[in-house]
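A, B, ... follow the sequence lines: proteins, then strands. Residue 1 opens every chain.
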2 protein chains.
Amino acid sequence: MQQALQQKVQKAASAIAQECFAMRVRYLNRSLTSIYDEVFRPLSITASQVNMLVAIITQQTLSPSELGGILNIEKSTLSRNLDRMRKAGWVEIDSSQPGRSHTVQASEKGQALLLNILPLWQKAQETTCTLLGSERSKAIREVADHARSEIMKT
Amino acid sequence: MQQALQQKVQKAASAIAQECFAMRVRYLNRSLTSIYDEVFRPLSITASQVNMLVAIITQQTLSPSELGGILNIEKSTLSRNLDRMRKAGWVEIDSSQPGRSHTVQASEKGQALLLNILPLWQKAQETTCTLLGSERSKAIREVADHARSEIMKT
DNA sequence: GGGCTATTGTTGCATATACAACAATATATG
DNA sequence: CATATATTGTTGTATATGCAACAATAGCCC
């Protein structure tokens, strides 16, 4: 490969490495998810599942598609994630009205679990805050909440 | 379930929903990754693979474990991701010294691909900047780069 | 009402991710 | 030098994620 081309390639790689937003949120995702997954492990629940459980309990009852809208999770992903949580006994899914939009809600077991999750979550939250610093932690909230409001518009 | 307990559960869920960092970076990850995946689709490469290719080209040559350190990706994940990229012909993996640390580098095809990726990446980058606003975009960079420097210390 | 379209959910397939266990090698320590 | 320990990489297993295609239903327009 020519010298000139090589330099172009290097410059392109450097530019992307120094600027890319996707690379950065993906890095943060891996790093923070591992913190939360680790503290939740004694309860055999993942960070992803805690997120879903929290959203379901907050909303009391809702359809899978509404939940997908709130969390911006694709319907097929949600379908299988919910199925795992149903098998674990944390949520109940009412598919009685055939074909109609299903309803999802937390079971008693799922609600009780959340109370055990809370102190573990607080620990992970603190670890994260220490890692990022409190100013940057606030920034994460601000950015994500803004993105969510923008995405929900559409 | 008792009324008092129900309230505790609701409060816990609200607190987590309003504060959780993991929920937020996971949301951003899904939202931004889909923007980049979409623009890269014509080249049959994913955002994750672009990240890896960029890191490899920037470093010129390095071992899988070094790459894992840079991107904070678990070694087993990396092993399989690299294998897919090798099969696609974008990287070369030298395992000649048996048992010793392997070396990874981009192939000519991989380097040429990066030049085609660049304009698509710029488009995704702009879309993201419009979605987040330029101040918040800067904040993402600041937070992730700080986290990376903290994590690299250890 | 009848047909067209949009919404909702599932399934097949592929990639991304990580833990645990393993194998092989490298390094340190006595 | 020999053994104990640490590093490196792969493989088995499981969850998380999304696209495409499909099925079923709901809603709309005439």
**Q** Would you mind reading off the distance between B:F40 atom CZ and C:dA14 atom P, rounded to a whole angstrom?
**A** 23 Å
**Q** Measure from CG on B:D94 to P on D:dT8 and round the result to the nearest Å.
**A** 17 Å
**Q** What is the distance, rounded to the nearest whole Å, between atom CG of B:N29 and atom C1' of C:dA16?
**A** 10 Å
**Q** Output the residues of residues 104-129 of chain A in contact with DNA chain D, where contact means a heavy atom of the residue under 4.0 Å from an atom of the strand; sort by number or write none.
**A** none
**Q** Does a nitrogen or oxygen in the side chain of B:S65 sit under 4.0 Å from OP1 or OP2 of D:dT8?
**A** yes
**Q** Given atom CG of B:L32 and atom P of D:dT17, what is their separation to the nearest angstrom?
**A** 15 Å
**Q** Taking A:L71's backbone N and O only, do any of them form a donor-acceptor pair with B:R30's side chain (distance below 3.5 Å, no angle check)?
**A** yes
**Q** Are any side-chain N or O atoms of B:T128 and backbone N or O atoms of B:A124, one a donor and one an acceptor, separated by less than 3.5 Å?
**A** yes
**Q** Does a side-chain N or O of B:R84 approach OP1 or OP2 of C:dA14 to a distance below 4.0 Å, or not?
**A** no
**Q** Is it true that a side-chain atom of A:Q2 and a backbone atom of A:A4 form a donor plus acceptor pair closer than 3.5 Å?
**A** no
**Q** How far does CG of B:L53 sit from OG of B:S107, to the nearest 0.5 angstrom?
**A** 8.0 Å
**Q** Does B:R26 place a side-chain N or O at less than 4.0 Å from the phosphate oxygens OP1/OP2 of D:dT17?
**A** yes
**Q** Please examine the side chains of A:L78 and A:M52, heavy atoms only from C-beta on, and report whether any two atoms are closer than 4.5 Å.
**A** yes
**Q** With the threshold set at 4.0 Å, does a side-chain nitrogen-carboxylate oxygen contact exist between B:R41 and B:E38?
**A** no
**Q** Is the phosphate of C:dA26, meaning OP1 or OP2, less than 4.0 Å from a side-chain N or O of B:S101?
**A** no
**Q** Any side-chain N or O of A:N81 less than 4.0 Å from the OP1 or OP2 oxygen of D:dT17?
**A** yes
**Q** Which is more 5' along DNA chain C, the nucleotide nearest A:L78 or the one nearest B:T46? Just name the residue.
**A** A:L78
**Q** Could you write out each protein N or O paired with an N or O of nucleotides 19-21 of chain C at a distance under 3.5 Å?
**A**
{"from": "C:dC19", "atom 1": "N4", "to": "B:S76", "atom 2": "OG", "distance (Å)": "2.5"}

**Q** Run the numbers on A:V104 and A:E66 for side chain to side chain contact (heavy atoms under 4.5 Å, CB included), then give the verdict.
**A** CA-CA 10 Å; A:V104 181; A:E66 287 170 326; over 6 Å; no
**Q** Write down the distance between CD1 (B:I93) and P (D:dG9), rounded to a whole number of angstrom.
**A** 10 Å
**Q** If I compare all heavy atoms of A:V54 with all of B:A13, which pair ends up nearest, and what's the gap?
**A** CG1-O, 3.3 Å
**Q** Roughly how far, to the nearest 0.5 Å, is the CD1 atom of A:I151 from the CD1 atom of A:I70?
**A** 13.5 Å
**Q** To the nearest Å, give me how far apart NE2 (B:H102) and C1' (C:dA26) are.
**A** 13 Å
**Q** Starting at CG of B:L82 and ending at P of C:dA16, how long is that distance when rounded to a whole Å?
**A** 11 Å
**Q** Side-chain polar contacts of residues 19-29 of chain A - donor-acceptor pairs under 3.5 angstrom, sequence neighbours left out - could you list them?
**A**
{"from": "A:E19", "atom 1": "OE1", "to": "B:R141", "atom 2": "NH1", "distance (Å)": "2.7"}
{"from": "A:E19", "atom 1": "OE2", "to": "B:R141", "atom 2": "NH1", "distance (Å)": "3.4"}
{"from": "A:R24", "atom 1": "NE", "to": "B:D145", "atom 2": "OD1", "distance (Å)": "3.1"}
{"from": "A:R24", "atom 1": "NH1", "to": "A:A17", "atom 2": "O", "distance (Å)": "3.3"}
{"from": "A:R24", "atom 1": "NH1", "to": "A:C20", "atom 2": "O", "distance (Å)": "2.9"}
{"from": "A:R24", "atom 1": "NH2", "to": "A:A17", "atom 2": "O", "distance (Å)": "3.3"}
{"from": "A:R24", "atom 1": "NH2", "to": "A:Q18", "atom 2": "O", "distance (Å)": "3.0"}
{"from": "A:R24", "atom 1": "NH2", "to": "B:D145", "atom 2": "OD1", "distance (Å)": "3.3"}
{"from": "A:R26", "atom 1": "NH1", "to": "B:T33", "atom 2": "OG1", "distance (Å)": "3.1"}
{"from": "A:N29", "atom 1": "OD1", "to": "A:T33", "atom 2": "OG1", "distance (Å)": "3.2"}

**Q** Would one find a side-chain N or O of A:S48 under 4.0 angstrom from OP1 or OP2 of D:dT15?
**A** no
**Q** Using whole Å, report how far CD of B:Q49 lies from P of C:dA14.
**A** 14 Å
